[in-house]
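Okay, so here's the structure we're looking at.
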Amino acid sequence: MTEVQSATAQIPPSARVLQLAMSSWVAAAVSAVAELGVADVLDQGPSDVDRLAKELDVDTTNLYRLLRATADLGLFEETEGRVFALTEVGNALRSDAPDSMRNFARWVNTAAERYTWTGLADSVRTGRSVFESVHGKPVWEYMLEHPEVNALFDRAMTDTSSQVTAPAVASYDFSGFRKVVDIGGGHGQFLAAILAANPGVRGVLFDQPEVVAGAGEEFEKAGVSDRVEVAGGDFLASVPEGGDAYVVVNVLHNWEDDKAELILGGIRKAMTDDARVLLVEAVMPPDGAEALTVKLMDLNMMAHADGVQRSEAQYAELFARVGLKLSRVLPGGGLCSIVEAVRA
């Protein structure tokens, strides 16, 4: 019996199903707190709900109803007089928190994300993603036509990447590389961390031109701007040549096998003979193993973009089809692992 099963063993089955079905309400409540910016105001100190509502310019009664519910989730502490204070968990919803998840919490309640999940059963029926049938166009086309949604998505992915960056960079020795190329690296958070920790390494950030246009701040903040080249392009077509390490962080899971082969094949063509391919991904465990977060991520990929969270065996097969060879899988210090490949 797993820990989750043990903890819920005394709850009647019907009540447990009710709890599970209401989980989407929990996500919506957390997202509302994030959208309103409650944690940013409470970072100044505890506040009664009247003053808080005035500062946020919202309805006092409904704000109290939201805060008392999310206090039960551990985001806040309520004391006498309807006074609320941030908890350690709620602190992660601050915009400026080092481990902020505010943008990810906002993202999960957008139409692009939430409405897609309503079609999950259809994805199982058809074997294909349902994003296009729900929203009228494929996910990447939709994002290009909705820049405000795409911008929030980018910020949400930066939030989640922050949970991966430090432990992954600390768990792998990048010091022996001359040139690290970050494929689909967004604004460069991961690459900046690598370069900051390894002064002798140079880097190339590669992503869509409109994405890398906002990358300068990360490199300046890390003090590595003089060792970075920023390049825009389409990684399904080609990638920068000459790297001896190609880092791909939480990108390959967005793509089904034929597109993943295009990405890896392009890297295989561009890399030096002794280079490494380093995928940072949440690896699906063997069948039957407990890993709810990874399995839910897999369902998200299935519904949105025909993507998949792959197992070690699936990565080995994928690599072999493009002339690469799986060399090892290393724990990344968190949810993600580092999947390393070399030329076959």
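Every value quoted in this text rests on a predicted model; they were computed, and no experiment measured them.
Counting heavy atoms of neighbouring residues, nucleotides and ligands inside a 6.0 Å radius, atom NZ of Lys269 does not exceed 12 of them.
Side chain of Asp207 to main chain of Gly186: a donor-acceptor pair is present (N/O by atom type, distance under 3.5 Å, no hydrogens or angles). Thr87 contributes a side-chain N or O that, together with a main-chain N or O of Leu75, makes up a donor-acceptor pair within less than 3.5 Å. The backbone N or O of Gly332 sits nowhere less than 3.5 Å from a side-chain atom of Ser337 that would complete a donor-acceptor pair. Lys259 contributes no side-chain N or O that, together with a main-chain N or O of Gly307, makes up a donor-acceptor pair within less than 3.5 Å. Using modelled atom types, one side-chain atom of Arg202 and one backbone atom of Asp226 make a donor-acceptor pair closer than 3.5 Å. Here the side chain of Asn254 pairs a donor or acceptor atom with the backbone of Val251 at under 3.5 angstrom. Remark: side-chain polar atoms of Arg268 are paired, donor with acceptor, to backbone N or O of Gly323 under 3.5 angstrom.
Side-chain contact, His187 with Glu218: no donor N or O sits under 3.5 Å from an acceptor N or O.
The pair Glu78-Arg82 does not count as a salt bridge, with every side-chain nitrogen at least 4.0 angstrom from each carboxylate oxygen. Comment: Lys295 does not engage Asp298 in a salt bridge, judged by the lack of any side-chain N to carboxylate O separation of less than 4.0 angstrom. By the 4.0 Å N-to-carboxylate-O rule, Asp159 lies too far from Arg102 to be salt-bridged with it. At a threshold of 4.0 Å, the pair Arg65-Asp59 does not count as salt-bridged, since none of the basic side-chain nitrogens sits closer than that to a carboxylate oxygen. At a threshold of 4.0 Å, the pair Glu256-Arg128 counts as salt-bridged, since one of the basic side-chain nitrogens sits closer than that to a carboxylate oxygen.
Relative orientation of the Tyr172 and Phe177 rings is parallel, given thresholds of 30° and 60° on the angle between their planes. Classification of the His304-Phe131 ring pair by plane angle, with boundaries at 30° and 60°, yields tilted. Taking the six-membered ring for Trp and thresholds of 30 and 60 degrees, Tyr142 and His146 have nearly parallel ring planes, at less than 30 degrees apart.
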Applying side-chain contact (heavy atoms from CB on, under 4.5 Å) to Val33 and Leu66, what does each step give before you reach the verdict? CA-CA 8 Å; Val33 167; Leu66 175 64; 3.9 Å; yes
Full working for side-chain contact (heavy atoms from CB on, under 4.5 Å) between Glu281 and Asn250: CA-CA 5 Å; Glu281 292 276 3; Asn250 283 330; 3.7 Å; yes
